[in-house]
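Structure first, then comments.
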Amino acid sequence: MSAIVAVVLIVLVTVVAVGVIWGMVIPMIQQDSGLDTYDADVIIKTDGGYTYFDEEKGVACVQVKRIGEGRGLRRIDVLFSYDGATLDDNGNFSGEELPDVNGMKQKCFDLTNIIVQGADGKYIAPDSITIVPIYFDGSKEIEGTVSKIDRGRGLTSGKFLDYGSAESVGGCEDDSGCSAGVCYNEACYSDIIVGGKVDNCWQLQNINLGLTEDYILMKDLNCSMTSTWNGGDGFDPIGNDPNVFAGTFDGQGFTISDLYIDRPSENYVGLFGYVSGGEIKNVGLVDVIILGANDVGGLVGDSHQSLIDNSYVTGAVTGSNSRVGGLVGYSRTASLVNTSYAAVEVSGTRGFTGGLVGYNYYSSVDNSYATGTVLGSVARTGGLVGYSREAAIDNSYATGTVVGEAYVGGLAGGNQRSSINNSYASGNVRGVDYIIGGLVGYNSQSTINNSYAIGNVVGAKSTGGLSGNNHQAAIINSYAIGDVSGTEYVGGLVGSADFYPPINNSYATGAVSGSRYVGGLVGGSSSGSTLIISDSYWNNHYYNPSVGCGNSCDAVIMAISDDEGWFYVEANAPMNAWSSSAWTWSGTGYPKLIWE
């Protein structure tokens, strides 16, 4: 029969505002007891925090966090001591009061029958509180690791010697001057969320205590102190698996700056780690530094059936594994990113890396953009989205440089059974391997419509100014003007393509170079099937090849020779076959899309 090891993390907080429900509160400073642990599969670890004692009411509130699963956790006893002796009639956490793994629970204890009042009628705080987890092994109870918190040494008259890592939230002369919290050194302090209103970084962190509630940010926050939290790990993301955030968070246009998270071996990393059925809106994160493993984003790590609206992130986001994005790491299953942006340096090492969203799965990105440099490894790297599957990208763009290995695109690394409409990419794109495109790397069973790319593209096999590889996919009313360089299957618009969906009403004007299967418009068919290209053209000036398609094309296309001005006029072929609802002509340059 194995014994059980446990370490208890205790964070002791008051649950109500000063002058609203309770009066004076007294913080207490946490210390580990140093007692031996038992050998078991659960760790309940002491990790810092506060306890508050209401000297007017004689009530102490205790919060505990459970780190490990453990076997047979029956209850957590809470023991209060006064003048060196443990008081009688102590309480405990039991049944539904026990926290889940990685969860926290809070309980308040009325001590008026076991503590004394001072001459001023106020209750005197206990000297310490001890937390003892109790396990049942089937035949008897076993006592786990004991943790203890002490009142601050030198504490007198209800004031505290050291408030730890609290944040000043306003000036005051006494507690009556604080809307929430206590007055210390003429500053108000509080880490308690009152009425869903978040006023400081500690309250922001404590959203983890109410994952289904609704919150509003009340002012701009500087959270640079998070770099010292949790032994240097920084902020603990809000929500994880299985404890998801399912509430709402409205930033009201305020910002959170200098948020720090350094958890390179953890999944679900961001301000919000895992959101399911929730809503995050109207908030800006400025100069973040965020590191995680899988599902890493500046704002949200994993967004499941959730809305991200009118929000943005600046800074740096790095993932040591997969699904990494400047705003959202993984947006899936009917999620929406709307009217949002990321100006973030994004780096991922195992694929699905995007400037805004790492992996857009059965979800949508609309009216959004990304401007930062994106560095990806392995496959599926995009300036806006790393990979989009069964999804949509509309009215969006990316401007940053994109560098990756395979399946690399200025807007999306891949677009599978999805659509891209009214979108563009302007950054240069470089891939060291295959399927590299100015807009999309891999376009499979999908549609690109009314979109364009203007950056230069460098790759190897299947490299195109708009799409690297077009597999059973259509390109309509689109163009690319960047220079394209590759090895084989290199095209000004599309590198390689196969099967029958057409390329219609589109053009390319950049210089194209390669060693095999090189075309001004399309490199050629990689499957041997005949490609259908209609009413499209390329510019064969200077370094462009002499053919529009490198091989296997059934095309109605025109090469631009000396008279480029011919193609500046709507009435001339092939533009006379194009839709006037999609294109516009100025008479002095190549046609543009009406929405530009």
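Within the cation-pi definition used here (under 6.0 Å to the ring centroid, within 45° of the axis), Arg323 does not qualify as a partner of Phe352.
Leu211 has its side chain within reach of Ile238: a pair of non-hydrogen atoms, C-beta onward, lies under 4.5 Å apart. Contact annotation: the side chain of Val283 approaches that of Leu299 to within less than 4.5 Å [non-hydrogen atoms, C-beta and beyond]. Taking 4.5 Å as the limit, some side-chain heavy atom of Asp535 sits within range of a side-chain heavy atom of Trp578. Side-chain contact between Lys592 and Ser586 is absent, with no heavy-atom pair separated by less than 4.5 Å. The shortest side-chain heavy-atom distance between Asn230 and Phe235 does not fall under the 4.5 Å cut-off. Within the 4.5 Å cutoff, the side chain of Asp262 has heavy atoms near those of the Pro264 side chain. Using a 4.5 Å heavy-atom threshold, the side chains of Asn450 and Asn421 count as separate. Inter-residue side-chain proximity for Tyr452 and Glu596 is flagged as met; some heavy-atom pair is nearer than 4.5 Å.
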_Derivation and outcome, side chain to side chain contact (heavy atoms under 4.5 Å, CB included), residues Cys201 and Trp229_ = CA-CA 11 Å; Cys201 302; Trp229 288 6; 4.2 Å; yes
*Go through the steps for Tyr387 and Tyr442 under the test side chain to side chain contact (heavy atoms under 4.5 Å, CB included), then give the verdict.*
CA-CA 9 Å; Tyr387 204 74; Tyr442 182 52; 3.7 Å; yes
*asked:* Working note: Ile475 + Ser467, criterion side chain to side chain contact (heavy atoms under 4.5 Å, CB included); need CA distance, chi angles, decisive distance, verdict.
replied: CA-CA 9 Å; Ile475 295 175; Ser467 172; 4.2 Å; yes
*From CA spacing to verdict: side chain to side chain contact (heavy atoms under 4.5 Å, CB included), Tyr479, Tyr590*: CA-CA 10 Å; Tyr479 69 89; Tyr590 292 115; over 6 Å; no
*Given side-chain hydrogen bond (donor to acceptor under 3.5 Å, both in side chains), test Thr401 with Asn428 step by step and report yes or no.*
CA-CA 5 Å; Thr401 298; Asn428 294 331; 5.3 Å; no
*When you look at Phe567 and Tyr537, which way does the ring pair (Phe, Tyr, Trp, His ring centres under 6.0 Å) test go after all the steps?*
CA-CA 9 Å; Phe567 299 94; Tyr537 66 87; 4.6 Å; yes
*Can you list the steps and then say if Ser525 with Asp498 is a side-chain hydrogen bond (donor to acceptor under 3.5 Å, both in side chains)?*
CA-CA 5 Å; Ser525 170; Asp498 53 30; over 6 Å; no
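When all heavy atoms are compared, the tightest approach of Ser368 to Asn338 is OG-C, 3.7 Å. Of all non-hydrogen atoms in Val275 and Phe272, the two that sit nearest each other are CG2-CB, 3.6 Å. Shortest non-hydrogen contact noted between Glu345 and Thr373 is OE1-CB, 3.1 Å. In terms of heavy-atom proximity, Leu384 sits nearest to Ala398 at N-CB, 3.7 Å. The two atoms that bring Ser363 and Ala391 nearest to each other are O-CB, 3.0 Å, heavy atoms only. A pairwise comparison of heavy atoms in Gly278 and Ser306 identifies N-OG, 3.1 Å as the closest pair.
To the nearest 0.5 Å, atoms CG (Leu411) and OG (Ser426) are separated by 10.0 Å. Atoms OG1 and OH, from Thr399 and Tyr341 in turn, are 12.0 Å apart once rounded to the nearest 0.5 Å. Between the CD1 atom of Ile393 and the CG atom of Asn367 there is a distance of 13.0 Å, given to the nearest 0.5 Å. Here Arg263 contributes atom CZ and Ser320 contributes atom OG; the two are 13.5 Å apart, rounded to the nearest 0.5 Å. Distance check: Asp394 CG to Ser423 OG gives 6.0 Å after rounding to the nearest 0.5 Å. Taking CD1 from Ile261 and OG1 from Thr318, the interatomic distance works out to 12.0 Å, rounded to the nearest 0.5 Å.
For the side chain to side chain donor-acceptor pair (under 3.5 Å) test with Asn267, the passing option among Asp302, Asn294, Asn240 is Asn294; the others fail. Tested against Ser478 for a side-chain contact (heavy atoms from CB on, under 4.5 Å), the candidates Leu466, Asn504, Ile503 yield a single pass: Leu466. Under the side-chain contact (heavy atoms from CB on, under 4.5 Å) rule, Val494 has a single partner from Ile448, Val522, Thr463, which is Val522.
Between the side chain of Ser515 and the backbone N or O of Thr487 there is at least one donor-acceptor pair closer than 3.5 Å. A donor-acceptor pair under 3.5 Å is formed between the side chain of Ser446 and the backbone N or O of Arg417. Counting only distance, with no hydrogens or angles, the side chain of Thr381 and the backbone of Gly404 share no donor-acceptor pair below 3.5 Å. Of the possible polar contacts, one joining the Gln205 side chain to the Asp236 backbone as a donor-acceptor pair under 3.5 Å is found. A donor-acceptor contact shorter than 3.5 Å is absent between the side chain of Ser388 and the backbone of Gln416. A donor-acceptor pair under 3.5 Å links the side-chain atoms of Ser335 to the main chain of Arg332, judged by distance alone. Between the side chain of Thr255 and the backbone N or O of Val286 there is no donor-acceptor pair closer than 3.5 Å. Of the possible polar contacts, one joining the Thr314 side chain to the Asp287 backbone as a donor-acceptor pair under 3.5 Å is found. Within the 3.5 Å criterion, the main-chain N or O of Asp309 finds a donor-acceptor partner in the side chain of Ser311. Side chain of Ser418 to main chain of Glu390: a donor-acceptor pair is present (N/O by atom type, distance under 3.5 Å, no hydrogens or angles).
The distance between the ring centers of Tyr397 and Tyr424 falls below 6.0 angstrom.
Atom CD1 of Ile289 has 12 or fewer neighbouring heavy atoms from other residues, nucleotides or ligands inside a 6.0 Å radius.
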